Amino acid sequence: MHWADVLADELLKEDKKHVLATGITPSGPIHIGNMREILTTDAVYRSLIKKGGKGELIYVADDYDPLRKVYPYLPKSYEKYVGMPISDIPCPCEKHKSYADHYLISFLNSLKEIGVEPHIYRANKMYKNGDYNKAIQIAMDNTDKIKEIIQKISKRELPKGWIPFNIRCEKCKKMTTVKAVLYDYPTIEYKCDCGYEGKVDIRKGGVGKLPWRVDWPARWKMLGVTFEPFGKDLGTAGGARDTGKKIVEEIYGYPAPKYTVYEFIMLKGKGAMHSSKGTALSAGEMLDMTPPEVLRFLLMNNQPGKHLMFDSGLGLLNLVDEYDKQERVYFGKEEETKGMKDLKKTYELSQPYNIPKTIPYQLPYRHLVTLAQIDKKWDKVKKILLRTGQIPKDLSKQDEKHLKQRTEHVRYWLDNFAPDMVKFEVKKKPPKVDLTKEQKKFLLSLIEKLPSVDWEAERIHNIIYETSEKEKIPIKTAFKTIYQIILGQEKGPRAGFFLSNLNKDFVLKRVEEAVK
RNA sequence: GGGCCUGUAGCUCAGCUAGGUAGAGCAUCUGGCUUUUAACCAGGUGGCCAAGGGUUCGAAUCCCUUCAGGCCCGCCA
């Protein structure tokens, strides 16, 4: 059984509407771990619905969290914002409403592309609207109990005078510099490091925020969360999950949601992922280089508890090939191999939206890698494909959309992540190369035959071979010559296939120019 | 110290969430191809499933112990 079904079955033991939650703090570029969290939750949600259960997928953006420090990617001037909620800090690029939006908006757009459409909650709005007010009061009234739970379970010493509420200074707007002096419902008196002394009324929204370990359980109760996965760092003993479970049960009187712990995604190719060293890959980038169904496939095909290797180099091509293979098997075009697990379910969960009724038109991804370098725009790539008969004239709109999308992902990959060995550029002007006599002889001989050749991969390939044999020139030299005059480099994609995708007149002209 | 994950072919890993004949890709070998690219096609070799014990008619799969690796425990999933 697929892991998503196992988790869904677990939820279905209780016949009620389930709330499957996921969330992040958009305090920086949203990284690929969030992709795993949200897709894991989405998979369970889809399984649940398919089995006839009732459920809702929600996404909580904790944009009321204070900025912790000036991260390396931020200007130094942001020092003055440290401690303020990220929803109230200006956007670094000035195009978004706030710092939080800067990172959040693009991620939310990415979600659309991979077919995840959760109900979105914004913590800053929930706090400002007063949705949290009751939870805050309950927390304040149980300060000692909560403190004891956290100290006992997390084995952490909390300072004297600690309260489960971070007040926001009314003067300097910071949350991290305030000390509570006296709680007397409904007000808390406080002192801030900035020198301000004041009093907040917790019946009003937006005067402060519950600390993470309390915020989480309060949110479970408030939103009726019944399932929420989390990363292994939170799953550790004494972590937020442990204290959260106890707090939600004992303080808020609500059962802790079911969960699964997911492992991290490792990066291959650019070395191990060290977010501190800036080698982290953002969720957006990951999606920009990977077709959405393939990215989903990577996660659906592996249990959450498995750590994943994401290879942004050549491995990405293998991953796409693997996906395409599963697709062929799914539609009965190819035999299933023994290792394929939960193939049907995995394929279905990999689809961003509708599950195709018939197999989508498949074009080997590697060919697309070549084509996307001959012409960058889809319109032109399409022309090549039509001319060479690699796609039928009556290609469906849906198939075309799919191929176009893949071409765009290939382009992004080529521009940013592809290793040099697969890259080339068709030079608009003849590259400067000093050809040997032997090479010129080859080209002169080739040019006699080329005009009459059917412009088709195998025919071209044969002509090259015949010519090299006739002129007694090593085949390697022959290929090298072709790459040199067209690409200005010594190697390139499969020659016959490659040339057939180029315009015939262009090739003829180039050969002529080269032997002048 | 605590938590989680992993250990299956030379390499990367599936199969463990249904206990019932040990699988794939790459590498290697053989045959084919006048075919450069991580070539291609057909076939072959290759495993005491980390070790030990337990449950069972039957264990890679479930349970316990040990060993070895990885990661996480300062609000980065």
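Values reported hereafter were calculated over all heavy atoms of this structure, with side chains retained and with hydrogens, waters and symmetry mates removed. For clarity, every value in this text was computed on a predicted model and none was experimentally measured. To find a chain, count down the sequence lines: A is the first, B the second, and so on, and within it residues start at 1.
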Among rU17(B), rA77(B), rC76(B), the one nearest Q303(A) by side-chain distance: rU17(B)
For the backbone of F424(A) and the side chain of Q373(A), can you confirm whether one donor and one acceptor N or O come within less than 3.5 Å of each other? yes
For a quick check of understanding: with a heavy-atom distance under 4.0 Å over all strands, which category does G305(A) fall into, base, sugar-phosphate or nothing? sugar-phosphate
Report which part of the nucleic acid D5(A) touches: base, sugar-phosphate, or nothing (heavy-atom distance under 4.0 Å, all strands). nothing
Tell me what K476(A) touches on the nucleic acid: a base, only sugar-phosphate, or nothing, going by heavy atoms under 4.0 Å. sugar-phosphate
Minimum-distance nucleotide (side-chain atoms of R68(A) versus rU17(B), rC75(B), rU35(B)): rC75(B)
Between N301(A) and Y323(A), a side-chain donor and acceptor under 3.5 Å: no
Mind checking whether Y483(A) and F498(A) have parallel, tilted or perpendicular rings, split at 30° and 60°? tilted
What contact category does E469(A) fall into here, base, sugar-phosphate, or nothing, at under 4.0 angstrom with non-hydrogen atoms? base
Using a 5.5 Å cut-off between ring centres and planes within 30 degrees, is H461(A) stacked on the base of rU35(B)? yes
Identify the nucleotide, in any strand shown, that forms a Watson-Crick or G-U wobble pair with rC26(B), with both distances under 3.5 Å; if there is none, say none. rG10(B)
Side chain of R494(A) only, heavy atoms from C-beta on: which candidate in rU34(B), rC72(B), rU37(B) is closest? rU37(B)
When you check the side-chain N and O atoms of T388(A) and Q390(A), is any donor under 3.5 Å from an acceptor? yes
Any N or O donor-acceptor pair linking the side chain of R366(A) to the base of rA39(B) at under 3.5 Å? no
What's the gap between rA60(B) and rG7(B) when it is taken at their C1' atoms, as a whole Å value? 11 Å
Look at all strands and tell whether R241(A) reaches a base, only sugar-phosphate, or nothing, counting heavy atoms closer than 4.0 Å. nothing
Aromatic contact, Y103(A) with H31(A) (centres under 6.0 Å): no
In whole Å, what is the span from the NZ atom of K306(A) to the C1' atom of rA14(B)? 8 Å
Do S47(A) and K345(A) get their side chains close enough for a donor-acceptor pair, meaning under 3.5 Å? yes
With heavy atoms under 4.0 Å as the rule, sort R36(A) into base, sugar-phosphate or nothing. nothing
Could you check how far NE2 of H307(A) sits from P of rU12(B), rounded to whole Å? 11 Å
Using a 4.0 Å heavy-atom cut-off across all strands, classify I475(A) as base, sugar-phosphate, or nothing. nothing
How is W212(A) classified with respect to the nucleic acid when contacts are heavy atoms under 4.0 Å: base, sugar-phosphate, or nothing? base
Taken to the nearest whole Å, CG/D233(A) to C1'/rG70(B) is 16 Å
Using a 4.0 Å heavy-atom cut-off across all strands, classify N318(A) as base, sugar-phosphate, or nothing. base
Can you identify which nucleotide, out of rC73(B), rU35(B), rC5(B), has its nearest atom closest to the E263(A) side chain? rC5(B)
In whole Å, measure the gap between the P atoms of rU12(B) and rU17(B) for me. 24 Å
For G492(A), answer base if it contacts any base atom (sugar-phosphate contacts may also be present), sugar-phosphate if it contacts only those atoms, and nothing otherwise; contact means non-hydrogen atoms under 4.0 Å. base
Identify whether any heavy atom of L317(A) sits under 4.0 Å from a base atom; if not, whether one sits that close to sugar-phosphate; answer base, sugar-phosphate or nothing. base
Whole-Å P distance, rA18(B) and rA9(B): 24 Å
